[in-house]
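This report refers to the structure that appears directly beneath it.
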Amino acid sequence: MRIVGCHECDAVMEEPFVPDGGAAYCIRCGALLFRRHSRTVEVCFALVVAAAILYTVANVYPFLAFQMQGQQTHTTLLEGVDALMDQGENAVAALVFLTAIASPACEIGLLLYVLGPVFFGFRLPGMAVAFRFVEQFRPWSMLEVFLIGILVAGVKLADLADIVPGTALYAFGLLIPILAAASNFLDAEIVWRRIAEEA
Ligand SMILES: [Zn+2]
């Protein structure tokens with residue numbers, strides 16, 4: 001038995017079973033307690049596959065190109081981290097690596113590992129552990145902050161050199177709303193239910 005509290009009137013009640021696509025309302029004031037998205041696994045799996053493709057593009061293709069005095073330099077994300085380390089900016093390099101490369105890779109990888117088997121109806125070892133990680137990890141994924149940093153740096157550098165946005169920057173710009181949508185559509189309760197059904 002699980003207990004839920006109403007956000008509107010603070011009433012505490014036993015959590016009702018709600019089928020996919022349904023919603024639960026407070027027994028006292030009628031406020032919406034929670035909604036179960038229908039097709040959450042299907043929609044999220046499709047979004048995460050799209051995110052994985054965009055993430056690959058974002059890491060393989062040049063992120064930015066600088067044009068200064070007729071010379072053009074391309075940089076990928078990883079080369080950017082490398083260049084920061086060369087300049088002794090180890091803390092900034094670590095931050096860029098964590099927010100732009102490692103954290104989305106973890107998030108996408110773990111989500112694929114859980115949603116893939118749930119979608120296709122088979123089981124992998126450690127799915128429950130992986131999904132618990134996803135839930136704890138979500139508040140720490142801050143790609144949008146990284147993108148704002150890039151934009152601010154780009155505006156400041158615009159006087160010094162011509163900045164040409166690369167393919168990876170567009171991929172990154174698309175990756176952010178797609179990951180946010182996946183996170184929004186992800187109904188943990190349904191995923192847990194489906195994991196349990198496969199057991
Ligand atoms: Zn209520």
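We count ligands from 1, going down the list as the structure has it; atoms in each ligand are counted the same way.
By the 4.0 Å N-to-carboxylate-O rule, Glu189 lies close enough to Arg2 to be salt-bridged with it.
A donor-acceptor pair under 3.5 Å is formed between the side chain of Asn59 and the backbone N or O of Tyr55. A donor-acceptor contact shorter than 3.5 Å is absent between the side chain of Ser183 and the backbone of Leu179. Judged by distance alone, with hydrogens and angles left aside, the side-chain atoms of Thr76 form no donor-acceptor pair with the main-chain N or O of Val60 at under 3.5 Å.
Taking each heavy atom of Cys6 and Ala31 in turn, the nearest pair found is SG-CB, 4.1 Å.
Listed by chain and number, the protein atoms of type N/O/S under 2.8 Å from the Zn ion (ligand 1) are Cys6 SG, Cys9 SG, Cys26 SG, Cys29 SG; waters are omitted.
Applying the salt bridge (Lys or Arg N to Asp or Glu O under 4.0 Å) rule to pairs touching residues 30-55 yields Glu15-Arg36, Arg36-Asp187, Glu42-Arg194, sequence neighbours excluded.
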